[in-house]
Amino acid sequence: MINKKEPDKFLVLNELARRRGFFWPSFEIYGGIGGFVTYGPLGKKLKLNIESKLRDIFVNKIGIFEIESSIITPGKVFESSGHVNHFKEPMVECFNCNERFRADHLINEKLGISLIDIEQKSLAEIAEVIKKNKIECPECNHNFKEPTQFLTMFKTTIGPYSGAIGYGRPEAAQSIFVEFNRLYNMAREKLPFGVIQIGHALRNEISPRQGLIRLREFTIADLEFFFDPEVADCSMINEVKNEILPILLAEKREKGLEDTINITVREILDKKIVCSEWQLFFMVMAKKLLLSIGVPIEKQRFIEKLPWEKAHYATQCFDQEVYVTRWGWIEVSGHAYRTDFDLNCHMQASGADFRVFKELEKPIVKKQLTVKPKMAIIGPEFKDKAAELVESLLKIPAEEIVESLEKKGYYLVGDKKISSNHVEIIQQKNIIRGKRFIPHVVEPSFGCDRLFYVALEYALTTKDDRNILSFPITIAPIQIGVFPLVNKDGLNKKSKRIAAFLRTEGLLVEFDDTGSIGRRYARADEAGIPLCITVDYTTLDNDTVTIRDRDLWDQIRVPLCDLSFLLSDYFKEKIKFKDFGDFIKSK
RNA sequence: GCGGUUGUAGUCUAGUUUGGUUAGGACUUCAGCUUCCCAAGCUGAUAACCCGGGUUCAAAUCCCGGCAACCGCACCA
């Protein structure tokens with residue numbers, strides 16, 4: 001096992017995927033373009049099945065809302081969220097050789113200014129730094145043109161005549177945040193609640209590689225979970241207390257160590273390793289999701305991001321990683337504690353109020369002293385200075401004014417004397433029924449194309465030089481193959497009838513009568529079909545068929561009349577293949 | 001974006017060094033025959049030189065440019 005070199009499953013899978021129609025690079029007839037893929041018939045089904053796993057866990061079982069919003073987004077949204085500032089890199093181009101360089105890297109190299117500091121600078125400031133310090137092209141020592149920004153978001157204009165800028169969303173989260181008020185309303189104005197969106201996102205990567213792992217257009221599943229930071233307990237955490245998570249902590253990573261610890265949820269809570277219970281809960285769900293699509297726990301881990309690796313919005317962030325043969329550990333989901341960053345940004349930029357009202361158990365009654373200016377007297381007396389005076393007056397605590405009035409008979413605002421004639425002193429009962437605050441957010445975010453890839457990689461096995469995709473039965477793109485043993489004596493007709501019947505029962509069935517029976521099994525294995533039904537001469541005698549298991553290559557004979565409920569239970573994972581009956585002895 | 005390697009049917013590939021008849025093979029696919037359980041066999045069919053330009057009587061082959069893929073670097077917020 002140790003000496004055995006792992007085969008590069010990436011190459012095998014890419015070849016298989018093209019040939020059998022799981023996925024392939026898009027636009028090949030025009031030479032192809034990096035970062036875009038087309039999912040074929042089998043791939044699309046598999047992808048839908050994986051997405052419905054996600055739905056099942058988060059939407060159906062936990063009750064997260066699912067919404068769908070547009071990909072094209074007005075520029076303001078991403079300006080407010082900070083993306084326009086963070087999704088760009090300053091570039092400079094040489095006048096002489098037209099070579100392009102990252103301006104921030106050049107400045108960092110030549111002057112030793114940290115990348116984080118440079119990031120704060122505007123383009124004009126960067127241009128100035130380059131001019132002042134006479135930074136020249138490292139290739140030919142000529143001057144640079146004015147620096148420009150390379151934006152990794154896709155930019156467009158909205159409408160034919162307007163210059164309104166729009167961006168292709170680089171993530172689906174912002175279109176949840178901007179709808180917060182309506183969604184909160186639909187949650188009956190109660191926290192906590194969550195909203196998920198599964199859809200396409202666009203990132204104009206400089207060099208997308210690695211097939212499905214890094215695309216320019218990809219499917220993202222962003223879940224935003226809103227909660228009250230003062231009532232941050234997760235109501236479902238007890239159900240998962242004994243679950244184990246493999247975690248690689250930031251403190252270990254900083255020392256260059258790779259030792260993952262397997263630790264129970266209970267212990268994580270005790271040691272306060274993850275700062276939000278809800279985040280921890282979603283990490284457990286993410287682990288379960290990956291298990292359900294066939295990735296064993298020992299090939300999963302959660303790594304804590306180091307401070308400089310974190311996104312601009314996150315305070316604590318864990319990446320869920322899966323081990324793949326070609327690249328080692330790759331990220332499949334990110335779990336970020338975004339606090340109130342995003343809602344706050346949009347609130348300030350748009351003027352919308354995203355604060356929620358929290359009622360106190362007992363309203364607080366406060367006696368409050370208020371000084372109310374009598375404008376009828378102040379106005380005529382101070383004329384054009386009146387407005388300024390009143391403004392200053394209202395900023396001063398009422399007690400201070402009252403005290404001064406009682407002691408001295410007047411109160412000085414600047415050089416103006418205010419006497420008790422000018423104001424009315426009111427003793428008010430103020431009832432505070434609650435307070436307003438901006439909810440906090442934890443965000444699990446899944447790359448669906450990566451889930452798809454790892455599902456394929458972990459499904460791939462070989463037997464007698466044959467490729468088999470041993471998908472978990474609930475995500476298999478096709479459920480049943482129906483074959484006549486040979487193509488004569490009415491076996492073909494009979495099997496077509498059985499296939500049609502199973503389809504009416506709601507099963508995904510493929511009928512195949514070409515080539516030999518062995519070839520059809522091989523084809524079915526490569527498409528990952530879990531069960532194959534074969535109609536033979538015994539079927540004509542007594543209405544029984546054989547069912548073959550993809551992974552065992554064993555067969556069991558069952559009566560036609562039992563087929564429907566056996567298969568139905570099987571795909572609901574209520575029974576196993578061996579529960580169908582006795583294995584037929586192979587010759 | 002930089003450096004290296006590469007680009008021939010659906011897939012894998014021979015041919016490229018040294019330009020030359022109809023680009024060869026295997027698997028797949030399709031049709032027919034055959035076939036009582038794991039890619040069997042027989043017959044036939046479909047199907048390719050990444051794109052553009054140049055050199056030449058003649059280019060898959062040589063040259064230039066582009067595109068794409070892979071590996072390394074950088075990037076992946």
Side-chain angles (χ1 to χ4, degrees), chain A residues 8 10-12 14-21 24-36 40 81-89 91 93 98-102 104-105 109 115-116 119 138-139 150-153 170-171 203-211 213-216 218 305 308-314 317 319 326-327 330-331 334 336 447 463-468 481 483-489 491 513-526 532-540 545-550 552-555 557 584-587:
Chain A
D8 190 344
F10 176 79
L11 293 177
V12 179
N14 271 309
E15 188 268 322
L16 174 63
R18 278 174 196 234
R19 203 159 36 77
R20 298 311 307 264
W24 56 85
S26 303
F27 314 117
E28 281 182 311
I29 64 159
Y30 289 108
I33 179 95
F36 299 94
S81 67
H83 284 76
V84 172
N85 277 326
H86 287 86
F87 265 78
K88 66 180 184 211
E89 319 291 352
M91 306 259 276
E93 196 173 327
N98 293 327
E99 200 74 25
R100 284 179 165 193
F101 301 91
R102 287 277 303 268
D104 50 345
H105 284 214
E109 271 171 42
L115 290 174
I116 298 163
E119 202 182 317
E139 294 292 315
F150 178 76
L151 191 70
T152 44
M153 284 195 288
E171 45 125 294
R203 293 183 192 183
N204 204 355
E205 299 281 356
I206 296 170
S207 99
R209 287 188 192 170
Q210 310 171 327
I213 305 303
R214 197 121 167 267
L215 295 170
R216 287 195 167 111
F218 58 100
K305 302 291 268 189
W308 57 87
E309 292 174 332
K310 285 185 300 201
H312 61 276
Y313 46 71
C317 186
D319 276 357
R326 191 174 195 115
W327 300 289
I330 59 157
E331 179 192 348
K463 191 167 181 176
D464 302 351
D465 284 332
R466 265 158 63 164
N467 288 325
I468 301 167
F483 314 140
L485 181 63
V486 291
N487 223 338
K488 59 180 184 185
D489 302 327
L491 292 182
D513 64 354
T514 59
S516 66
I517 187 69
R519 179 179 298 269
R520 287 176 231 149
Y521 286 149
R523 251 188 230 129
D525 286 344
E526 224 177 39
C532 290
I533 292 172
T534 301
V535 173
D536 58 13
Y537 285 97
T538 316
T539 312
L540 299 180
V545 289
T546 65
I547 305 182
R548 166 197 181 267
D549 181 85
R550 174 194 64 202
L552 304 172
W553 290 15
D554 276 319
Q555 285 180 298
R557 185 171 286 281
I584 298 169
K585 278 177 195 163
S586 51
K587 287 163 196 169

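Below, chain A is the first sequence line, B the second, and so on; all start at residue 1.
- For Thr539(A), the side chain to side chain contact (heavy atoms under 4.5 Å, CB included) criterion is met by Lys494(A), Val535(A), Asp536(A), Val545(A), not counting sequence neighbours.
- Here the separation of G3(B) from C64(B), taken at their P atoms, is 14 Å to the nearest Å.
- Residues satisfying the side chain to side chain contact (heavy atoms under 4.5 Å, CB included) criterion with Asn14(A), sequence neighbours excluded, are Phe10(A), Phe23(A).
- G10(B) and G4(B): their C1' atoms are spaced 30 Å apart (whole Å).
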Contact list (N/O, under 3.5 angstrom) for nucleotides 40-45 of chain B vs protein:
{"unit_1": "A40(B)", "atom_1": "OP1", "unit_2": "Arg519(A)", "atom_2": "NH2", "d": "2.8"}
{"unit_1": "A40(B)", "atom_1": "OP2", "unit_2": "Ser516(A)", "atom_2": "OG", "d": "2.7"}

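- Note on Thr546(A): a base of the nucleic acid sits closer than 4.0 angstrom, heavy atoms only.
- In this structure, the side chain to side chain contact (heavy atoms under 4.5 Å, CB included) partners of Pro25(A), at least two apart in sequence or on a different chain, are Arg18(A), Glu28(A).
- Nucleotides G41(B) and U34(B) have their C1' atoms positioned 8 Å apart, rounded to a whole Å.
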Scan nucleotides 8-13 of chain B against the protein and return all N/O pairs shorter than 3.5 Å with their distances rounded to 0.1 Å.
{"unit_1": "U11(B)", "atom_1": "O2'", "unit_2": "Glu15(A)", "atom_2": "OE2", "d": "2.6"}

N/O-N/O pairs, protein side and nucleotides 65-69 of chain B side, under 3.5 Å:
{"unit_1": "A68(B)", "atom_1": "O4'", "unit_2": "Gly31(A)", "atom_2": "O", "d": "3.4"}

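- A gap of 31 Å separates the C1' atoms of C30(B) and A68(B), to the nearest Å.
- Rounded to whole Å, the C1' atom of G53(B) lies 24 Å from the corresponding atom of U17(B).
- When distances run from any side-chain atom of Ala522(A) to the nucleotides C36(B), C38(B), A39(B), the shortest one goes to A39(B).
- Under 4.0 angstrom from either OP1 or OP2 of U29(B) there lies at least one side-chain N or O belonging to Arg523(A).
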Worksheet item: Where do Asp554(A) and Arg548(A) land on the salt bridge (charged side-chain N to carboxylate O under 4.0 Å, His left out) test, with the steps shown first?
Response: CA-CA 6 Å; Asp554(A) 276 319; Arg548(A) 166 197 181 267; over 6 Å; no
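- Nucleotide C38(B) holds its C1' atom 17 Å from the CD1 atom of Ile533(A), rounded to whole Å.
- Between G1(B) and C75(B), the two C1' atoms lie 10 Å apart (nearest whole Å).
- Atom pair Asp465(A):CG and A39(B):P shows a separation of 12 Å (rounding to whole Å applied).
- Taking atom C1' in both U18(B) and U61(B), one finds a spacing of 10 Å when rounded to whole Å.
- Listed nucleotides C76(B), C30(B), C71(B) differ in distance to Arg214(A); the shortest reach to its side chain belongs to C76(B).
- When the side-chain nitrogen and oxygen atoms of Trp327(A) are compared with OP1 and OP2 of C71(B), one or more of them lie within a distance under 4.0 Å.
- Just one of Arg550(A), Arg466(A), Lys463(A), Arg520(A) meets the side chain to side chain donor-acceptor pair (under 3.5 Å) condition when paired with Asp525(A); it is Arg466(A).
- If you check every strand for non-hydrogen atoms under 4.0 Å, Asp525(A) touches nothing.
- In this structure, Trp24(A) reaches neither bases nor backbone, as no heavy-atom distance under 4.0 Å exists between it and the strands shown.
- Contacts of Ile517(A) with the nucleic acid, taken as non-hydrogen atoms under 4.0 Å apart, involve only primed sugar atoms and P, OP1 or OP2.
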